[in-house]
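The structure follows.
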Amino acid sequence: MTMYQHYASYESADFVGDEYFIQWVKHPNSQSDQFWHEFQEVFPHQKATIEQARQRVLLLGEASVPPIQQDEAREIWDSIDRQLASSLEERRRTLPPGTWLPWAAAASVVLLVGLGWWLSGTKLPKSASTYHGLVELAAQEHPLEEVINNTSSSFTLRLPDESTVILEKNSRLSYVKSFEGANREVFLTGSAFFEVAKDAGKPFLVYSHGLVTKVLGTSFHISALEKEREVRVSVKTGRVSVYANKSSRTPDPETAGLVLSPNQQVLFLRDEERFNRTLIEIPQVLLSQHELEKFAFEDAPVAEIFEALEKVYGIEVVFDAEALAPCHLTTTLAVETLFDKLEVICESIGASYKVVDAQVIISSKGC
């Protein structure tokens with residue numbers, strides 16, 4: 001109900017400036033359709049407002065302009081309403097009886113079409129979600145260095161702060177030459193592996209087709225191909241914060257993102273600005289071989305084994321401790337991959353597992 005309440009008092013201009021609403025109108029999917037259908041069931045008084053806002057968004061889309069902010073949307077539509085009301089009042093006094101209503105309808109269409117012409121003819125900022133747009137904007141503040149890999153293999157380059165980047169083929173990386181300013185900022189199109197030097201006072205930011213990856217010191221991989229709809233970030237060590245690259249007027253976009261830990265990855269759907277977090281295909285052991293050899297169990301409680309898996313791979317295993325209390329197992333964690341281990345453990349105790357939001361969920365009726 002919390003998310004529904006957020007929109008309960010919205011007016012048409014508020015919806016027109018809301019990015020989640022705009023995405024639903026332009027690119028609906030089953031999840032957004034269900035949300036807005038349920039919202040209108042909970043707040044039926046908003047149905048007319050939503051339909052009016054939907055038509056306005058479609059009109060703006062026909063004008064081929066990017067989404068506008070709430071304050072801009074409200075100002076534009078208030079201006080239209082004032083112009084329309086003034087025109088209608090004036091014409092109602094001068095037009096012959098019987099011709100006023102048809103003229104009013106025509107005037108509404110003219111004003112809306114005029115809005116589309118005005119927006120399409122107004123110089124708007126270049127999209128900050130593309131590599132070239134970002135680089136162009138950043139270059140206005142500081143000189144940039146661009147590295148292009150047109151070779152048939154990857155190569156390593158060293159950045160001004162001693163961070164290293166393995167830039168894969170058909171990829172480009174731009175960065176501020178001396179990392180001036182409060183942040184260390186780089187811009188990527190293509191794929192690259194980053195080993196970031198620690199500097200708690202100056203965060204390292206990677207901008208890649210609508211996604212921002214923020215770290216203080218860690219290693220991770222980004223795949224952000226220009227023609228692909230998704231951007232993928234996977235973490236090897238440390239933690240990273242990922243969030244959509246919003247306008248500076250949007251309140252702290254990082255709060256709407258995700259934090260990734262080792263062995264986690266996120267798939268960012270660029271058009272929908274939606275995140276899908278999961279585990280990487282083959283999670284890596286985070287302990288030394290010597291430490292790993294200590295995890296050998298003989299007739300041990302399964303709960304203890306799951307807790308060991310959490311330490312070894314840095315993941316979270318969710319299970320019903322009470323239901324699995326009678327379950328004991330003899331095994332070792334030193335050989336198979338994580339998912340092989342889970343298969344063996346679950347088969348032994350009559351359970352199953354699935355990965356949800358980078359968590360391993362164990363389902364069992366008990367032993």
Side-chain angles (χ1 to χ4, degrees), residues 127-139 141-149 154-226 228-248 250 252-262 264-270 273 275-277 280:
S127 173
S129 63
T130 66
Y131 172 79
H132 295 290
L134 285 165
V135 168
E136 181 178 319
L137 290 173
E141 300 292 331
H142 303 287
L144 296 182
E145 187 80 26
E146 183 177 51
V147 179
I148 304 174
N149 186 354
S154 59
F155 61 72
T156 302
L157 63 140
R158 190 174 297 276
L159 300 180
D161 65 339
E162 299 302 314
S163 295
T164 58
V165 181
I166 300 177
L167 192 65
E168 298 182 14
K169 62 180 182 179
N170 300 321
S171 300
R172 293 171 175 241
L173 185 79
S174 291
Y175 57 92
V176 179
K177 291 183 177 181
S178 58
F179 278 154
E180 301 172 9
N183 301 316
R184 295 171 285 171
E185 297 182 331
V186 303
F187 309 91
L188 171 70
T189 180
S191 299
F193 178 80
F194 294 83
E195 189 83 39
V196 178
K198 293 184 182 295
D199 186 348
K202 184 171 285 193
F204 190 98
L205 304 178
V206 183
Y207 296 86
S208 49
H209 294 305
L211 186 71
V212 182
T213 303
K214 177 181 177 180
V215 302
L216 295 179
T218 186
S219 58
F220 56 97
H221 184 271
I222 297 179
S223 178
L225 305 181
E226 188 170 4
E228 295 292 334
R229 294 181 57 250
E230 305 90 6
V231 178
R232 186 184 302 272
V233 179
S234 56
V235 179
K236 181 178 180 182
T237 62
R239 292 174 180 265
V240 305
S241 171
V242 293
Y243 53 95
N245 186 18
K246 304 281 189 178
S247 165
S248 60
T250 302
D252 196 0
E254 189 175 0
T255 59
L258 297 173
V259 175
L260 302 179
S261 300
Q264 293 183 353
Q265 65 179 358
V266 68
L267 189 66
F268 175 67
L269 304 181
R270 293 164 56 180
E273 292 187 350
F275 298 93
N276 180 21
R277 176 169 49 188
I280 64 175

Contact list for residues 183-192, test side chain to side chain donor-acceptor pair (under 3.5 Å), sequence neighbours left out: Asp161-Arg184, Glu185-Tyr207, Thr189-His209, Ser191-Ser223

What do the steps show when you test Gln265 against Arg277 for side-chain contact (heavy atoms from CB on, under 4.5 Å), and what is the final call? CA-CA 6 Å; Gln265 65 179 358; Arg277 176 169 49 188; over 6 Å; no

Leu269 side chain reached by Asn276 side chain, heavy atoms, under 4.5 Å: no

Any non-hydrogen side-chain atom of Val186 less than 4.5 Å from a side-chain atom of Phe204? yes

So salt bridge (Lys or Arg N to Asp or Glu O under 4.0 Å) across residues 200-213, not counting sequence neighbours, yields none

Would you compute the distance between atom CG of Leu144 and atom CG of Leu173 and round it to the nearest 0.5 angstrom? 10.0 Å

Side chains of Leu188 and Leu167: does their closest heavy-atom pair fall under 4.5 Å? yes

With a 4.5 Å limit on heavy-atom distance, are the side chains of Tyr175 and Pro160 in contact? yes

Say you draw a straight line from CD of Glu226 to OH of Tyr131; how long is it, rounded to the nearest 0.5 Å? 10.0 Å

I'd like to check the salt bridge (charged side-chain N to carboxylate O under 4.0 Å, His left out) partners of Glu146; sequence neighbours left out, ordered by chain and number. Arg172

Which is it for Phe275 and Phe268 under the ring-ring contact (aromatic ring centres under 6.0 Å, His included) test, yes or no, and what are the steps along the way? CA-CA 5 Å; Phe275 298 93; Phe268 175 67; 5.0 Å; yes

To the nearest 0.5 Å, tell me how far Ser174 OG sits from His132 NE2. 9.0 Å

Can a donor-acceptor pair be found, under 3.5 Å and without considering hydrogens, that links the side chain of Asn149 to the backbone of Glu168? yes

Apply side-chain contact (heavy atoms from CB on, under 4.5 Å) to residues Val165 and Thr156 and explain how you reach the verdict. CA-CA 6 Å; Val165 181; Thr156 302; over 6 Å; no

With side-chain contact (heavy atoms from CB on, under 4.5 Å) as the test, pick out the partner of Val266 among Val235, Val259, Val233. Val233

Distance (rounded to the nearest 0.5 Å) between Glu162 CD and Asp199 CG: 12.0 Å

Point-to-point distance, once rounded to the nearest 0.5 Å, from CG of Asn245 to OG of Ser208: 9.0 Å

What is the distance from atom OH of Tyr243 to atom OG1 of Thr213, rounded to the nearest 0.5 Å? 9.0 Å

Please check: side-chain N/O of Gln264 versus main-chain N/O of Ser261, any donor-acceptor pairing under 3.5 Å? yes

